[in-house]
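Inspection log for the structure reproduced underneath, given as structure tokens.
Order of the sequence lines sets the chain letters (A, B, ...), proteins ahead of strands, with each chain counted from 1. Reckoned from all heavy atoms, side chains included, excluding hydrogens, waters and symmetry mates. Note that the coordinates shown come from a computational prediction; the quantities given were computed from them, not determined experimentally.
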Amino acid sequence: MTEQQTTQSGDAERVEDIHHLEQQRRENREKAIGLGFSPYGHREDELLSLNEASGRYDESADEANKASLQARKESKRADPDIDEGDLPALVDDRPIVRVAGRVVLQRDNGNLVWLNLRDHSNDSFQVAVSKRDCELAGFKLAKLLDLGDIVVAEGPMTMTRTGEVTCWASSLSPASKCLVPPPEKHAGLTNTEIRYRQRYIDMWVNPETTRVFMLRSKLMRAVRGYLDGLDFLEVETPVLQTQPGGAAARPFRTHMNALDMELSLRIAPELYLKRLLVGGMPRVYEMSRNFRNEGVDKSHNPEFTSMELYQAFGNYETMREIAEGLVREMASLAGSERGVELSAMEFGDWVIDYESPFAQITYAELFRSSLGFEISDSERARAEAEKRGLKTKSEDGVAFDDILVINELFEEVAERSIDPSKPTFVLDYPAALSPLTRPKAGTENDSVPLAERWDLFIAGMEIGPAYTELNDPDIQESKFREQLAGIDDEESTFRTFDADFVEALKVGMPPAGGLGLGMDRLVMLMTNSRSIRDVLPFPMMRSVES
RNA sequence: GGGGAGCUAGCUCAAUCGGUAGAGCAUCGGCCUUUUAAGCCGCAGGUUCAGGGUUCAAGUCCCUGGCUCCCUACCA
């Protein structure tokens, strides 16, 4: 973008529509140009972060410089006519730094202007711009800066009388103009709507927001590093799918013009990742953006990120070991960044222990301990569900299959009995609820056959499931065709018959473990964010006409 | 889906029973070379979310709509 474009585009005809606070800022930008500056800056190769610059402060050099200045002053006082050459030598070995940041505070003392700059590393770094020590243009610039402007300053690191490490500018130049009036400097920006819709303002004003997104990025990198260490390969599979599968959810639908096809955005990558196992890749994972055309709340966004992985010749036990290691790895990183103990990481009102081995309990045991009877007692389950006012039939009046009633009770009562502060694996779900999972050997003839599946719960949130994958094409086909009584549309998408996937299994998929983890929810846990919106830079918002 | 709260200056918030829309910060003008949310003096800043209604009079009461947040429900 050229200077001409940014400084002249449409100013003339728009001037009357522009808010006076913006107009004043435009005028200050013109004045900076008048001082010979390019208001939008240029390449800088020698910049230090503000935090690095603070670290460069050298106390002994600063003391020596101050002492030499004092000695010269005293010599002059003793002999006002002393020659310059007879004064004690000026000592100045103070480190020079070159820094950039956004102006968050400005205190103009007349011939000395104090600026506080902010960048990713430091919320408030002080720069002093004095008429005596700074280039004249830079000094004049300091006086006409607006809060929010980005500037580049260079000068020695020193300490003020009040003990604040400060860059004492020898030069100052603009790097970008902020034409938008800033939020209140102390109360800040609290309006959640602006925070989410104009996240760039939120990030500038509330450094904590920026820190969450930086930690999110580091956590994603840590996950990749961990999986890399286990020889998993990251892959990419289709987002646009003709037949969305791998989960129970309503998809977003779209149309492809070139091939005149109806397509859906994926609800899960599962069925494609398994095809890669069929093809011969032994360990794969994908950081998958999934799309589900459903409600929005504190833990649901229409697009969200899951990590799914598949390991040939693994099973759901292998997956439990990986998941526990991975979550602990993330917690360890987050703990060190946040300065909290791995065994005591706050999340809302809870303190979560990621250090101890994660708890394990079977679906049946958890059901029994919280409800007081067995999952096989379907009559009692139905009575209990009705007593609790739970749904036991679909909207069109069809009575739920027994296993759906049991699962209603499980979700309503048993899941909630899990200690939120202890990461907990719930093992061995009913096979009927897990159409892509291998049945658990020896339970086929039980009244409630089980499948080799677990779900991980932390802080009351479901973090993700894992399976021993079903690799028998005939069982898979019958699972796809199995319909439970009272099942709803969303649930049935799980069972949409995918002929090509069955064909792939016929080619032969090695036995495998598969795992899916909700990355957004994990980032919520790791950053102590209570809403998924706080870990997504740009959460879904209703559109507004302006 | 159900319930609750809210929307006033650029931002954060006031405005009593329905009776002249205010403050702080930011901005603008003036002073100031060690300030820390700098300070002192002065000025200015409004389609009270939108539309309709009641009234002599509406930010305030009523209706409709928009957007946001919270609770709840749903949601692998």
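When the nucleotides B:rC75, B:rC69, B:rU35 are ranked by their closest atom to the side chain of A:W114, B:rU35 comes out on top. Side-chain proximity of A:R453 to the nucleotides B:rA76, B:rU33, B:rA26 is greatest for B:rA76. Residue A:R107 has its side chain nearest to B:rU35 when only B:rU35, B:rA37, B:rU68 are considered. Distances were taken from every side-chain heavy atom of A:K298 (C-beta onward) to each of B:rC70, B:rA73, B:rA76; the shortest belongs to B:rC70. The side chain of A:E184 lies closest to B:rC11 when the candidates are B:rC11, B:rA76, B:rU33. Which of B:rA76, B:rU12, B:rC75 sits closest to the side chain of A:N191 comes down to B:rU12. For A:H19, taking side-chain heavy atoms from C-beta onward, the closest of the listed nucleotides B:rC11, B:rG10, B:rU35 is B:rG10. In this structure, the nucleotide among B:rU34, B:rU12, B:rU33 sitting nearest to the side chain of A:L189 is B:rU12. Side-chain atoms of A:L112 lie closest to B:rU33 of the nucleotides B:rC11, B:rC32, B:rU33. For A:L105, the side-chain atoms get nearest to B:rA38 when compared with the rest of B:rA76, B:rA38, B:rU68.
Figure legend. B:rC61 is base-paired to B:rG53; pairs are counted as Watson-Crick or G-U wobble with both atom distances under 3.5 Å. Under the Watson-Crick or G-U wobble criterion, with both distances below 3.5 Å, B:rA37 has no partner in any strand shown. Across all strands shown, B:rA5 is found opposite B:rU68 as a Watson-Crick or G-U wobble partner, with both distances under 3.5 Å. Pair assignment for B:rC28: B:rG42, on the basis of Watson-Crick or G-U wobble contacts that are both within less than 3.5 Å.
At whole-Å resolution of the value, NZ in A:K131 and P in B:rC32 are 10 Å apart. A straight line from CZ of A:R388 to C1' of B:rA73 spans 17 Å, rounded to a whole angstrom. Atom P of nucleotide B:rC70 and atom CZ of A:R530 are separated by 10 Å, given to the nearest angstrom. Between the C1' atom of B:rC11 and the CZ atom of A:R25 lies a distance of 12 Å, rounded to the nearest Å. In this structure, CD1 of A:I194 is placed 11 Å from C1' of B:rU12, rounded to the nearest angstrom. Look at CE on A:M541: it is 13 Å from C1' on B:rG66, rounded to the nearest Å. At whole-Å resolution of the value, CG in A:L515 and P in B:rA76 are 18 Å apart. Nucleotide B:rG45 holds its P atom 17 Å from the CD atom of A:Q23, rounded to whole Å.
A:R195 comes within 4.0 angstrom of no nucleic acid atom, judged by non-hydrogen atoms across all strands. No contact: A:N407 has no heavy atom under 4.0 Å from any strand. Using a 4.0 Å heavy-atom cutoff across all strands shown, A:N116 reaches no nucleic acid atom at all. Residue-level contact check: A:G188 touches the backbone only, with heavy atoms under 4.0 Å from sugar-phosphate atoms and none from bases. At a threshold of 4.0 angstrom between heavy atoms, the contacts of A:R132 include nucleobase atoms, whether or not backbone atoms are also involved. As judged by a 4.0 angstrom heavy-atom cut-off over every strand, A:R197 is placed among residues touching the sugar-phosphate backbone only. Residue-level contact check: A:T190 touches the backbone only, with heavy atoms under 4.0 Å from sugar-phosphate atoms and none from bases.
A:L522 is listed as a side-chain neighbour of A:M330, based on a closest heavy-atom distance under 4.5 Å. The shortest side-chain heavy-atom distance between A:Y363 and A:I406 falls under the 4.5 Å cut-off. A heavy-atom distance below 4.5 Å is found between the side chains of A:D428 and A:Y316. By the 4.5 Å heavy-atom criterion applied to side chains, A:W114 and A:Q126 are counted as neighbours.
Using atom P as the reference point in both B:rU8 and B:rA15, the two lie 14 Å apart (nearest Å). Between the C1' atoms of B:rA26 and B:rG10, the separation comes to 7 Å (whole Å). As rounded to the nearest Å, B:rC11 and B:rG46 have C1' atoms that lie 15 Å from one another. If you take atom C1' in B:rU60 and the same atom in B:rC49, they sit 16 Å apart, rounded to whole Å. B:rA9 and B:rG59: their P atoms are spaced 14 Å apart (whole Å). Comparing the P positions of B:rC17 and B:rC62 gives a spacing of 14 Å, expressed to the nearest Å. As rounded to the nearest Å, B:rC25 and B:rC43 have P atoms that lie 15 Å from one another. Look at the P atom in both B:rC13 and B:rG18: the space between them is 25 Å, to the nearest Å.
If you check distances only, the side chain of A:T160 does reach the base of B:rU35 with a donor-acceptor pair under 3.5 Å. With hydrogens and angles left out, the side chain of A:Q126 and the base of B:rU35 share a donor-acceptor pair within 3.5 Å. A donor-acceptor contact under 3.5 angstrom links the side-chain atoms of A:H300 to the base of B:rC75.
For the pair A:R199 and A:F538, the cation-pi criterion (under 6.0 Å, within 45° of the ring axis) is not fulfilled.
Residue A:K185 places at least one side-chain N or O under 4.0 Å from the OP1 or OP2 atom of B:rA26. A close approach under 4.0 Å does occur between a side-chain nitrogen or oxygen of A:R542 and OP1 or OP2 of B:rU68. Between B:rU33 and A:N111, a contact under 4.0 Å exists linking OP1 or OP2 to a side-chain N or O.
Closest-nucleotide positions on RNA chain B for A:E193 and A:D133 were compared, and the one nearer the 5' end corresponds to A:D133.
Just one of A:D58, A:V165, A:T166 meets the side-chain contact (heavy atoms from CB on, under 4.5 Å) condition when paired with A:M157; it is A:V165. The only member of A:N315, A:T468, A:N471 that meets side chain to side chain donor-acceptor pair (under 3.5 Å) when paired with A:R438 is A:N471.
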Would A:K422 and A:W350 count as a side chain to side chain contact (heavy atoms under 4.5 Å, CB included) if you check the C-alpha gap in whole Å, the side-chain angles of each, and the deciding distance to 0.1 Å?
-> CA-CA 10 Å; A:K422 287 190 184 134; A:W350 298 304; over 6 Å; no

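With a glycosidic angle further than 90° from 0, B:rC25 counts as anti.
Using bins of under 30°, 30° to 60° and over 60° for the plane-to-plane angle, the ring pair A:F410/A:F367 lands in the parallel bin.
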